[in-house]
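A short worksheet on the structure shown next.
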Amino acid sequence: MSEQSKVAPDPRGQVIGTVEIKKIGNSSGIILPKDVLARMHVSVGDKLYATLTPDGGFRLTPHDPDFEKAMEVARRGMKRYHNALAELAK
(Lines give C-alpha, C1' and ligand atoms only; values in the text may rest on other atoms or scores of the structure.)
Protein backbone atom coordinates (compact mmCIF):
# COMPACT_ATOMS: atom_id res chain seq x y z
CA MET A 1 0.00 0.00 0.00
CA SER A 2 1.49 3.36 -0.99
CA GLU A 3 1.96 6.19 1.52
CA GLN A 4 -0.45 8.37 -0.45
CA SER A 5 -3.29 5.84 -0.27
CA LYS A 6 -3.02 5.72 3.55
CA VAL A 7 -4.14 9.36 3.78
CA ALA A 8 -7.86 10.16 3.55
CA PRO A 9 -8.63 12.88 0.99
CA ASP A 10 -9.39 16.31 2.38
CA PRO A 11 -12.96 17.40 1.49
CA ARG A 12 -11.63 20.87 0.61
CA GLY A 13 -8.89 19.61 -1.67
CA GLN A 14 -7.11 16.66 -3.11
CA VAL A 15 -4.23 14.95 -1.32
CA ILE A 16 -1.25 15.03 -3.66
CA GLY A 17 1.43 13.70 -1.34
CA THR A 18 2.77 13.48 2.18
CA VAL A 19 5.87 14.99 3.73
CA GLU A 20 7.86 14.30 6.87
CA ILE A 21 9.56 16.86 9.10
CA LYS A 22 13.29 16.12 9.17
CA LYS A 23 16.21 17.49 11.15
CA ILE A 24 18.47 19.59 8.91
CA GLY A 25 21.45 20.92 10.86
CA ASN A 26 20.10 23.03 13.73
CA SER A 27 16.78 23.50 11.94
CA SER A 28 13.84 21.40 10.81
CA GLY A 29 12.59 21.09 7.27
CA ILE A 30 10.31 19.20 4.96
CA ILE A 31 11.28 17.38 1.81
CA LEU A 32 8.82 17.68 -1.07
CA PRO A 33 8.65 14.70 -3.43
CA LYS A 34 9.38 15.27 -7.13
CA ASP A 35 5.76 14.72 -8.15
CA VAL A 36 4.59 17.40 -5.69
CA LEU A 37 7.17 19.87 -7.05
CA ALA A 38 6.05 19.07 -10.59
CA ARG A 39 2.38 19.66 -9.77
CA MET A 40 3.27 22.99 -8.14
CA HIS A 41 5.46 23.93 -11.16
CA VAL A 42 8.45 24.72 -8.92
CA SER A 43 11.97 23.40 -8.70
CA VAL A 44 14.95 23.49 -6.35
CA GLY A 45 15.84 27.08 -5.46
CA ASP A 46 12.36 28.54 -6.04
CA LYS A 47 10.65 30.40 -3.20
CA LEU A 48 7.44 29.14 -1.63
CA TYR A 49 5.23 31.35 0.51
CA ALA A 50 3.43 29.93 3.54
CA THR A 51 0.08 31.49 4.43
CA LEU A 52 -2.27 30.57 7.26
CA THR A 53 -5.69 29.15 6.42
CA PRO A 54 -8.89 29.83 8.38
CA ASP A 55 -9.03 26.22 9.61
CA GLY A 56 -5.65 26.50 11.38
CA GLY A 57 -3.53 24.91 8.66
CA PHE A 58 -1.17 26.51 6.21
CA ARG A 59 -0.85 26.72 2.47
CA LEU A 60 2.36 26.65 0.45
CA THR A 61 2.22 28.56 -2.81
CA PRO A 62 4.80 29.84 -5.28
CA HIS A 63 2.79 33.06 -5.62
CA ASP A 64 3.70 35.98 -3.34
CA PRO A 65 0.49 37.06 -1.52
CA ASP A 66 1.85 40.61 -1.04
CA PHE A 67 2.39 40.91 -4.79
CA GLU A 68 -1.19 39.74 -5.38
CA LYS A 69 -2.49 42.44 -3.01
CA ALA A 70 -0.41 45.10 -4.78
CA MET A 71 -1.71 43.95 -8.18
CA GLU A 72 -5.30 44.17 -6.95
CA VAL A 73 -4.71 47.79 -5.89
CA ALA A 74 -3.10 48.49 -9.28
CA ARG A 75 -6.06 46.90 -11.13
CA ARG A 76 -8.53 49.09 -9.21
CA GLY A 77 -6.46 52.17 -10.08
CA MET A 78 -6.27 51.20 -13.76
CA LYS A 79 -10.04 50.68 -13.85
CA ARG A 80 -10.76 53.97 -12.09
CA TYR A 81 -8.34 56.03 -14.21
CA HIS A 82 -8.83 54.14 -17.47
CA ASN A 83 -9.49 57.26 -19.56
CA ALA A 84 -6.49 59.16 -18.19
CA LEU A 85 -4.19 56.17 -18.77
CA ALA A 86 -5.53 55.76 -22.32
CA GLU A 87 -4.75 59.41 -23.05
CA LEU A 88 -1.25 59.06 -21.62
CA ALA A 89 -0.63 56.00 -23.77
CA LYS A 90 -1.23 58.01 -26.99
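Below, all heavy atoms of this structure are taken into account, side chains as well, without hydrogens, waters or symmetry copies.
- Residues satisfying the side-chain contact (heavy atoms from CB on, under 4.5 Å) criterion with V19, sequence neighbours excluded, are I30, L32, P33.
- For Y81, the OH atom counts as loosely surrounded, since its 6.0 Å shell holds 12 or fewer non-hydrogen atoms of other residues, nucleotides or ligands.
- For T53, the side-chain contact (heavy atoms from CB on, under 4.5 Å) partners at least two apart in sequence or on another chain are D55, R59.
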Run the side-chain donor-acceptor check on residues 83-90: report pairs under 3.5 Å with partners two or more places apart or on a different chain.
{"from": "E87", "atom 1": "OE2", "to": "K90", "atom 2": "NZ", "distance (Å)": "3.2"}

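- Residues M40 and D46 form no side-chain contact, since every pair of their non-hydrogen atoms from C-beta on lies 4.5 Å or further apart.
- Counting heavy-atom neighbours within 6.0 Å of K23 NZ, excluding the residue itself, gives a total above 12.
- Residue L37 is not grouped with residue I24 when hydrophobic side chains (ILVMFWY) are merged at heavy-atom distances under 4.5 angstrom, including chains of intermediate members.
- Listed by chain and number, the hydrophobic cluster partners of M71 are F67, where partners are ILVMFWY side chains within reach of under 4.5 Å, directly or through others.
- V73 belongs to no multi-residue hydrophobic cluster, having no ILVMFWY side-chain contact under 4.5 Å with any other such residue.
- F58 and L48 fall within the same hydrophobic cluster, defined by Ile, Leu, Val, Met, Phe, Trp and Tyr side-chain heavy atoms under 4.5 Å apart, directly or through other members.
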